[in-house]
Amino acid sequence: MKQYMLFLREDLQAVKQMSPEAMQADIDEYMGWVEELAKTGHFLSGEPLEPEGTYIRSAEQLQTDGPFIEAKEAISGYFLIQAETPEQAVEIAKSCPILKNGGAIEVRPILQYA
Amino acid sequence: VSVEATIANLYRQEAGRMTAALFSYFGPTAMAQAEDLVQDTFISALQTWKTSGLPDHPKAWLYRVCKNKALNEVKRKKELRLAEDTPNAHLQELAVERLEQVFLDHELRDSQLRLLFACCHASLSPKAQLILTLKLVSGFKTAEIARCLAMKEEAVEKGLQRSRIRLQGPETRLDVPFLQRAAQRLPVVQLVLYLMYTEGYSASRGEEQIKKELCLEAMRLCNALLEIPSLQPNTTHALLALMLLHTARFGARATAGGTIIELEMQDRSLWDKDLIQLGIRHLNKAKEGPQKHRFLLEAAIAAQHCLAPTFAATNWPLIYALYQQLEALHPSPFVHLNAGIALLYAQGPLKALPLLQELEKHVFLGRHHLLQLALAKAWLLLGEAPQAASCYQKALAATSVEAEKVFIQQKISEVGTA
């Protein structure tokens, strides 16, 4: 099975404003999703990310608060999965709870040398 | 037994086989047609049997009517094409002959297995494969699938529609010799049966009765897989062993009122000895194959529980070692949790507590009621009742399943009075 990185993207401002209860309900939903993927061996790892971090770019190493805090779809978490086919990876991504909450998910195969 | 109940039983037993036969007759592009014909057949049965009573051989009646309906469909299609295609008596004869053939007993089994492999299409998610299998191969109704997977009916229906489209691709043609490709897709099929069984077995979601049927169906399909020797069945033996060894303990895991009884407190005389023996037999066959396979390891763990005369006499060091092998093969937070629980009984709370506390940091596992229950147990073994009580409270907040809530509340009151 090939490996795929799933990048979860959503509005980080909205994430920051979530109540603790809403956040917990959210995590519980992910727990069910992860448990199911773990059962079938498709789940490898994954975590949500803190909404704040540091963004560094170019040779001058310009450093700003990141990620793109104003962006509507910034990375809020990741999952590393394995799947039989690229289509299956996409189908698994489509079942991710993020899509119910107005977020987006990006499916990227891990690059392998042929 | 009412006509309705008889029909419901026959539907569960035969609808999948009928759909599979029609599916291999009409081809994958006519799946909706195959499903409609099967529905029609059972509707006819209901109408006829309600007025004139059950026929002598209900099953034969169903297959005859289904065949006739399929034949009418073929004729009707021919008429539609009259203009361009002169009707040919010989072709019609061939159609009848082939139809007779797909309804032969061994053909029925084979086409059902072919349909199972088709449902486990590599481009579908495991959950979608499971839903499709339950619907087409196992004859579960949409509402029943929704009930046993704790989903909304509309969500099941929507998923089915999307999956059916996938199944119409050229790679699902079922008439090509399927056994050659079958071996390659066997692991996917096994995973779907594993998922079917665990969905049925887990006490956490859905309704009791329909879930038991899910377990039985998973075992039935496993048995059917074993009838094809070319599939190198060692891992399938392991899968079936795993299912049998869990099913053996079904009767002891809850009171008549539905209250959960934990392993430690179960009346082991209620465990089904025949199923345990059968499970061990399949486990031994599985051991002739690859040793480091998750089904084999999981079945070996289940066997250790089944063979232990008491909870205290369980070979926990061996179970912990098996879980460590499983962790190496399939690292997931849930396997780590099970390993942690085995460690708790193998080497005691002082060894296990740090490991369990480390797992508590995991965002998706930290609040899981099973982890909190394990932590509570560790604290209790250390004589720290207040710590245990706080873990029980966390476990209580983490589950929405009534039976689990009742169980945890009982634990809380035990700690309170200790």
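First the proteins, then the strands, lettered A, B, ... as listed; each starts at 1. Not measured: the values here are computed from a predicted model.
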| said: Suppose we screen for salt bridge (charged side-chain N to carboxylate O under 4.0 Å, His left out). Which residues come up paired with A:E106, at least two apart in sequence or across chains? | reply: A:R9, A:R108
| field | Structural part of B:Q190 lying under 4.5 Å from a heavy atom of chain A | value | neither
| task | Look at the side chain of A:Q88 and the backbone N and O of B:S125, then say whether any donor-acceptor pair between them is shorter than 3.5 Å. | result | no
| said: Do B:L365 and A:M31 make a side-chain contact, defined as non-hydrogen atoms from C-beta onward lying under 4.5 Å apart? | reply: no
| field | Under 4.5 Å from any heavy atom of chain A - which part of B:A128 | value | neither
| note | Here the gap from A:I27 atom CD1 to B:R367 atom CZ, rounded to the nearest 0.5 Å, amounts to 8.0 Å
| message | To check you understand the geometry: which heavy-atom pair defines the closest contact between B:F364 and A:P48, and what is its length? | response | CZ-CD, 3.9 Å
| request: Taking only Lys NZ, Arg NE, NH1 and NH2, and the carboxylate oxygens of Asp or Glu, determine whether B:R162 and A:E91 approach each other closer than 4.0 Å. | output: yes
| field | Heavy-atom pair count under 4.5 Å with chain A, highest-scoring of B:L191, B:V335, B:V192 | value | B:L191
| field | Residue pair B:S400 / A:D28, side-chain heavy-atom distance below 4.5 Å | value | no
| said: Quick check: do A:S95 and B:K127 have side-chain heavy atoms less than 4.5 Å from each other? | reply: no
| What's the shortest heavy-atom distance between A:G41 and B:R294, and which atoms? | N-NH1, 4.0 Å
| query | Contact part of A:T40 toward chain B, heavy-atom cut-off under 4.5 Å: side chain, backbone, both or neither? | reply | both
| said: I want to know whether A:F43 and B:F334 have ring centres closer than 6.0 Å. | reply: no
| query | Looking at side-chain heavy atoms only, is the closest gap between A:K39 and B:H330 below 4.5 Å? | reply | no
| field | A:K94, NZ atom: more than 12 neighbouring heavy atoms under 6.0 Å | value | yes
| message | Can you tell me how far apart OG1 (B:T198) and CD (A:E35) are? Round to the nearest 0.5 Å. | response | 9.5 Å
